There are 2 protein chains.
Amino acid sequence: MHTLSKNQRIIFDIIDKSPEPMKAYSILFNVQKKGIKAPLQVYRALDKLVEIGKIHKIESRNAFIACQNSSCQVSKATAFSICESCEKVTEINNSSLSKYLSNFKDKAGMKYSKYNLEFFGLCKKCITK
Amino acid sequence: MHTLSKNQRIIFDIIDKSPEPMKAYSILFNVQKKGIKAPLQVYRALDKLVEIGKIHKIESRNAFIACQNSSCQVSKATAFSICESCEKVTEINNSSLSKYLSNFKDKAGMKYSKYNLEFFGLCKKCITK
DNA sequence: ATTTAAATGTTATAATATAACACTATGTAA
DNA sequence: TTACATAGTGTTATATTATAACATTTAAAT
Ligand SMILES: [Zn+2]
Ligand SMILES: [Zn+2]
Ligand SMILES: [Zn+2]
Ligand SMILES: [Zn+2]
């Protein structure tokens, strides 16, 4: 089990508390009172947190979200739903989907070690508006 | 059928000829001799080309690739394989995969209008090295 | 205690992307 | 063919996202 360093802890906590994905410079702004002053301090912590699967990057949004799969072992197999109206993002935890994708082989016979999937649409709230 | 404007044509052609995904500022550098001088001219053409499905953005790489599915109607359902060693990117055209994903519904009952999937691994060339 | 790896702090800079505004070309319909 | 609407262009400035380089400190392993 990995122990987070001081900066990693600070930055993980703020992402974990956030109801929505956070962008790096928004994180920076929010942790300046805790002594983290430079973008690089944020990006280094983000890199590590992504690497160990505590957070994921939402590539289409350049934003970061805490893993919602209780200490995700699957940082290499991620899927998200994204509402294009309110920007709500949810991590999808669906074993059928992850099995299908983990076993997927293309024609070229290439076997994949990792994937990231982003679904876009409207969430329930936004559909009824 | 959509007719490309002058800038759109220039920028599509250079992406289409490229054996690898191109980044916006690399495109800019390459089209300066054709009179396109500013980032915004490139980004505007890119936005339109993405919108009409002539190119796709590889989100994890901030790069653009021409659609490889002969005038793709599926700019809203994209899948790519990415070699993490040589950075070769290929658009996946697999009807089983696209059916599975297009019909996917999550627990919350959210129906998706769009998805983007990126697989990562090693291509054949790079495996044998 | 010594060595190694990981993390930090700091300044500067690179790379990616958009805002705002004036203008031009193109298509559509009276 | 004139009026109107829509899409595209050119330009300058600026915002946003991310990394390079280097010195120092902390934590872990032998
Ligand atoms: Zn997760
Ligand atoms: Zn919503
Ligand atoms: Zn395509
Ligand atoms: Zn390769």
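The basis for the numbers below is simple: all heavy atoms, side chains too, and nothing from hydrogens, waters or symmetry mates. So you know, we letter chains A, B, ... as the sequences are listed, proteins then strands, and number each from 1. Owing to the predicted nature of the structure, the values given are computational and were not obtained by experimental measurement.
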Novice: Once you round it to whole Å, what is the distance between C1' of C:dG9 and CG of A:L28?
Specialist: 13 Å

Novice: In this structure, is the centre-to-centre distance between the rings of B:Y112 and A:F120 below 6.0 Å?
Specialist: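 Not under 6.0 Å, so no.
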
Novice: What is the distance, rounded to the nearest whole Å, between atom CG of B:L46 and atom P of D:dG8?
Specialist: 14 Å

Novice: Tell me the interatomic distance from B:I52, atom CD1, to D:dA7, atom P, rounded to whole angstroms.
Specialist: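 Answer to the nearest Å: 13 Å.
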
Novice: Just the rounded figure in Å: distance from P of D:dT26 to CG of A:L4.
Specialist: 19 Å

Novice: Below the 4.0 Å mark, does C:dA17 have OP1 or OP2 next to a side-chain nitrogen or oxygen of B:K57?
Specialist: yes

Novice: Might you point out which heavy atoms bring B:E118 and B:I58 nearest each other, and give the distance in Å?
Specialist: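 Where B:E118 meets B:I58 most closely, the heavy atoms are OE2-C, 3.6 Å.
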
Novice: Does a salt bridge link B:E84 with A:K114, judged by any charged N lying under 4.0 Å from a carboxylate O?
Specialist: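 A salt bridge is present here (some side-chain N lies under 4.0 Å from a carboxylate O).
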
Novice: Using whole Å, report how far CD of A:E59 lies from P of C:dT16.
Specialist: 14 Å

Novice: Go through the N and O atoms of the side chain of B:Y25 and the base of C:dA17, and report whether any donor-acceptor pair is under 3.5 Å.
Specialist: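 Donor-acceptor pair under 3.5 Å: yes.
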
Novice: Could you tell me whether B:K88 and B:E20 make a salt bridge, using a distance below 4.0 angstrom between a side-chain N and a carboxylate O?
Specialist: no

Novice: Within the 4.0 Å heavy-atom criterion, would you say B:Q41 contacts the bases, only the backbone, or no part of the nucleic acid?
Specialist: base

Novice: Determine: side-chain N/O of B:N62 to OP1/OP2 of C:dA15, distance under 4.0 Å, yes or no.
Specialist: no

Novice: Hey, which sits more toward the 5' end of DNA chain C by its nearest nucleotide, B:R44 or A:P39?
Specialist: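 Result: A:P39.
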
Novice: May I have the distance from B:L40 (atom CG) to D:dT14 (atom P), rounded to whole angstrom?
Specialist: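 One finds 15 Å between P of D:dT14 and CG of B:L40, rounded.
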
